[in-house]
Amino acid sequence: MIVAPDTLALLRRAMLPMDGSIADHAEPILEAAGAALGDARRGAFAYVDLTAGSCLLPLAFAAAGAARIVVNDIAARTIVAARALFAGAAIDQAMLDAACDGRLGSRPHIPSFRFASDYLTVEVCAHFDRLFHVDLPAPQAATLRYLALRDALAFADPEDGFRILMTHDPAQLRADRDADWSGFLAAHRDRQERLAALRTALIETRAATGAPAIRILNADMRDVAATIDYRGPCLVAVNPPTNGVDEYAIEDQIVHSLIANRLVPLARCHETAEQFWRARVTAALTPLPAGTFFLVWGGDGAMDAEACQSVWRVYGTRIHTAEIDLGHGREAVWGIFRRH
């Protein structure tokens, strides 16, 4: 594998946590990518991720020596993460403490509790606002915004996401016979230790990934793919987003509302899931120069694995594919191809 296991473990601590992510399969993907790139990765190779999600793969390829990284995602939370992970400044514990305590100035904003009170307490919202809306230069602000986002995410249930709070009284939450709020309450108690550990992980991650040339984009891959420079040895990840912005489930809506500092309405996509998939994958693969490697994933959403591969084969020659058993007769597939 092109990244040491301990380095990858560090990057997992720093990345944006996401369910059902391609990042869960990073080890075999990195091994296959290393084999495909061969000697090319010892030079000035580039990695382009058109739907970066958790940012683990961009981080891993930076650690593997990529000279140029492009991170794109339509989801705002990924961009908050990318700006911190690739362009954020190291902050010391004193600055983090000052931000948490409200001793740093803030940009004008609407208190998050006004639109997130069904899911988060006033304390959680106020803490998010102190970190996310801090009035500091962009590099330091980017790091604190990501820490704010990660803190808010800690209050989402691992299985159910953000749950409606029938009460904001901790004693009543502890006594609730119908739901277990222990994780939510523990997130309050563990905040100081959790954020201190993440602050350290971010500093170590920047040291592990070096300083590649970075371009961060926030657009639909269909609209941005043709604007990117793919010169030189290049690997392009074309993992289509879900139908809409992360399908805008409630947990996604809460996160993106916090970032936008307003209630973001749920969105409905007028394309079918298959139309959405095909439009974006073909738009991403069409402009790639001959010889470009591309990393793809499919089979677990709009189309089955064979239908996805039939599209990929139109544009490239298979270098490596792997199947993932999803149970109930379904499978996902990922692969690395070389553009015709």
Side-chain angles (χ1 to χ4, degrees), residues 11-19 21 23 51-56 58-59 71-91 95-97 99-100 102 104 106-107 109-117 119-136 138-158 161-162 183-184 187-188 190-203 205-206 216 218 245-246 248-264:
L11 303 183
R12 286 191 188 280
R13 294 194 296 274
M15 75 177 196
L16 178 67
M18 295 184 69
D19 292 334
S21 171
T51 48
S54 71
C55 291
L56 178 61
L59 289 172
V71 175
N72 176 68
D73 205 293
I74 197 170
R77 61 182 175 180
T78 292
I79 304 310
V80 170
R83 286 173 178 158
L85 293 165
F86 287 100
I91 61 171
M95 178 177 283
L96 176 56
D97 291 341
C100 290
L104 300 180
S106 294
R107 298 176 295 124
H109 62 278
I110 297 169
S112 296
F113 188 67
R114 291 188 184 178
F115 51 82
S117 57
Y119 300 92
L120 297 171
T121 65
V122 66
E123 178 185 340
V124 175
C125 289
H127 189 272
F128 175 89
D129 291 347
R130 287 193 291 270
L131 271 64
F132 195 85
H133 299 292
V134 68
D135 189 12
L136 286 173
Q140 289 88 352
T143 300
L144 286 170
R145 286 172 188 159
Y146 185 52
L147 291 171
L149 175 60
R150 288 287 301 269
D151 182 63
L153 288 171
F155 293 90
D157 184 89
F162 289 101
F184 186 93
H188 281 275
D190 299 341
R191 168 180 286 142
Q192 186 174 2
E193 180 180 349
R194 184 176 67 249
L195 289 180
L198 179 56
R199 182 194 70 83
T200 300
L202 292 178
I203 294 172
T205 292
R206 290 301 302 275
I216 299 173
N218 182 199
V245 182
D246 285 335
Y248 261 124
I250 289 297
E251 54 265 34
D252 302 314
Q253 183 191 26
I254 295 301
V255 169
H256 290 132
S257 294
L258 289 170
I259 293 169
N261 196 221
R262 61 180 176 84
L263 184 63
V264 177

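Atoms considered below: every heavy atom in the structure, side chains included; atoms not considered: hydrogens, waters and symmetry mates. All values derive from a computational prediction rather than experimental measurement.
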* Structure fact -> Tightest non-hydrogen contact, residues P111 and F115, listed as O-CE2, 4.0 Å
* Working for side chain to side chain contact (heavy atoms under 4.5 Å, CB included), residues R77 and D252 -> CA-CA 9 Å; R77 61 182 175 180; D252 302 314; 3.1 Å; yes
* Structure fact -> dist R150:CZ -> L202:CG (nearest 0.5 Å) comes out at 7.5 Å
* Do you know the tightest heavy-atom contact between Y146 and A84? -> CB-CB, 3.4 Å
* To do: Give, for atom CG of N72 and atom OG1 of T78, the distance between the pair rounded to the nearest 0.5 Å.
  => 9.5 Å
* Structure fact -> d(S54 OG, R12 CZ) to nearest 0.5 Å is 8.5 Å
* Distance in Å, L16 CG paired with C55 SG, rounded so as to fall on 0.5 Å steps -> 7.0 Å
* **Close side-chain approach of F132 to N261, heavy-atom, < 4.5 Å** => no
* Considering all heavy atoms of both residues, which atom of M95 and which atom of L104 are nearest to each other, and what is their separation? -> O-CD1, 4.0 Å
* Of all the heavy-atom pairs spanning L85 and M15, show the shortest one and how long it is. => CD1-CA, 4.5 Å
* Asked: Going by heavy atoms in the side chains, are F162 and V255 under 4.5 Å from each other?
  -> yes
* Asked: Any donor-acceptor pair under 3.5 Å linking the side chain of T143 with the backbone of A89?
  -> yes
* Asked: What residues form a ring-ring contact (aromatic ring centres under 6.0 Å, His included) with H109, not counting sequence neighbours?
  -> H133
* **Heavy-atom pair of closest approach, residues A14 and L198** => CA-CD1, 4.3 Å
* Asked: Can you find a pair of side-chain heavy atoms, one from L120 and one from S112, that are under 4.5 Å apart?
  -> no
* What are the two closest heavy atoms between A187 and F155, and how far apart are they? -> CB-CE2, 3.4 Å
* Asked: So, the side chain of S106 versus the backbone of R130: is there a donor-acceptor pair under 3.5 Å, distance only?
  -> no
* Asked: Roughly how far apart are H127 NE2 and L147 CG, rounded to 0.5 Å?
  -> 9.0 Å
* side chain to side chain contact (heavy atoms under 4.5 Å, CB included) between S117 and V122, intermediate numbers included -> CA-CA 7 Å; S117 57; V122 66; over 6 Å; no
* To do: List the steps, then state whether side chain to side chain contact (heavy atoms under 4.5 Å, CB included) holds for I91 with L136.
  => CA-CA 11 Å; I91 61 171; L136 286 173; over 6 Å; no
* Quick one: list whatever passes salt bridge (Lys or Arg N to Asp or Glu O under 4.0 Å) with R191, sequence neighbours left out. => E123, D151
* Asked: Can you check side chain to side chain contact (heavy atoms under 4.5 Å, CB included) on R145 and V134, steps first, answer last?
  -> CA-CA 8 Å; R145 286 172 188 159; V134 68; 5.7 Å; no
* Structure fact -> Distance col, row L153:CG vs M18:CE, nearest 0.5 angstrom, shows 10.0 Å
* Qualifying residues under side-chain hydrogen bond (donor to acceptor under 3.5 Å, both in side chains), relative to R83, sequence neighbours excluded -> none
